[in-house]
Amino acid sequence: MSASLEALFEAAKAAQANAYCRYSGFHVGVALEAASGAIYSGCNVEIASYPEGWCAETTAIGKMVSAGERRIVSALVIGDGDGLTTPCGGCRQRLAEFAAADVPVHVAGAEGVRATFTVGTLLPHGFVLKDEEGRP
Ligand code: THU
């Protein structure tokens, strides 16, 4: 694992430990590396009115944007169990808002990274508006 991938993994794992998931019991952590090199992490947050909770990706993106950053250069998602915790449909769209199609999205379990996708392969033909620089 490269140094920055290791840092992403550790940040996501630390956030996962704080997941507030009393309804599903499924702990998710996400770490985003932004253009500055800073890492923003987040966990899923569930509430008694189940559909109103939100994903770890959403928490991390909100923290990144609140800190004044707009570009994701890599992402890592860690979830419980043996499967691949890939981002849900809504979070694929949220990631695509701030990440180019070639941005890697690593999917991990407790032991490390299990698979790597890109934003473009997770959300093919996704809806995008031009960005602030006018790029499609
Ligand atoms: N979840 C995430 O936070 N991110 C994902 O990529 C997949 C699913 C959360 C939503 C919910 O709190 C729990 O996992 C189980 O669905």
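What you see is a predicted model; the values in this text were computed from it and never measured. Keep in mind that the numbers below use all heavy atoms, side chains included, and drop hydrogens, waters and symmetry copies. Counting starts at 1 for both ligands and their atoms, following the listed order.
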Quick one, D80 and Q16 - any side-chain contact, counting heavy atoms below 4.5 Å?
yes
Would a 4.5 Å heavy-atom cut-off, applied to side chains only, mark F98 and L32 as touching?
no
Show me which atoms of ligand 1 lie under 4.0 Å from any heavy atom of V28.
1 (N), 2 (C), 3 (O), 4 (N), 9 (C), 14 (O)
Is C21 close enough to touch ligand 1? Criterion: a residue heavy atom under 4.0 Å from a ligand atom.
no
Distance-minimising heavy-atom pair for T59 and G42
CG2-CA, 3.8 Å
In the protein, which heavy atom is nearest to atom 4 (N) of ligand 1, and how far is it?
E57 OE1, 2.9 Å
Could you tell me, atom by atom, which parts of ligand 1 come under 4.0 Å of a heavy atom of P87?
6 (O)
Looking at every non-hydrogen atom in both residues, tell me the closest pair between R92 and T86 and how far apart they are.
NH2-OG1, 3.4 Å
Does T86 come within less than 4.0 Å of ligand 1, judged by its heavy atoms?
yes
Taking only heavy atoms of F26 into account, list the atoms of ligand 1 that are under 4.0 Å away from them.
14 (O), 15 (C)
Going only through I, L, V, M, F, W and Y residues with side-chain contacts under 4.5 Å, is there a path from V107 to V30?
yes
Of C55, A19, C43, G29, the one whose closest heavy atom lies nearest atom 10 (C) of ligand 1 is C55
Protein heavy-atom partner closest to atom 15 (C) of ligand 1 - residue, atom, separation in Å:
S24 OG, 3.6 Å
Counterpart residues, side chain to side chain donor-acceptor pair (under 3.5 Å), relative to E46 (two or more places apart)
S24
Tell me which protein heavy atom sits closest to atom 11 (C) of ligand 1, plus the residue, atom name and distance to 0.1 Å.
E46 OE2, 3.2 Å
Hey, could you give me each pair passing ring-ring contact (aromatic ring centres under 6.0 Å, His included) that has a residue in residues 27-79? Not counting sequence neighbours.
Y23-Y50
If you measure every N/O of A56 against every N/O of ligand 1, is any gap under 3.5 Å?
yes
Given V77, V30, N44, D80, identify the one with the heavy atom nearest to atom 14 (O) of ligand 1.
N44
Exercise: identify the closest heavy-atom pair between N44 and C21
ND2-CB, 3.8 Å
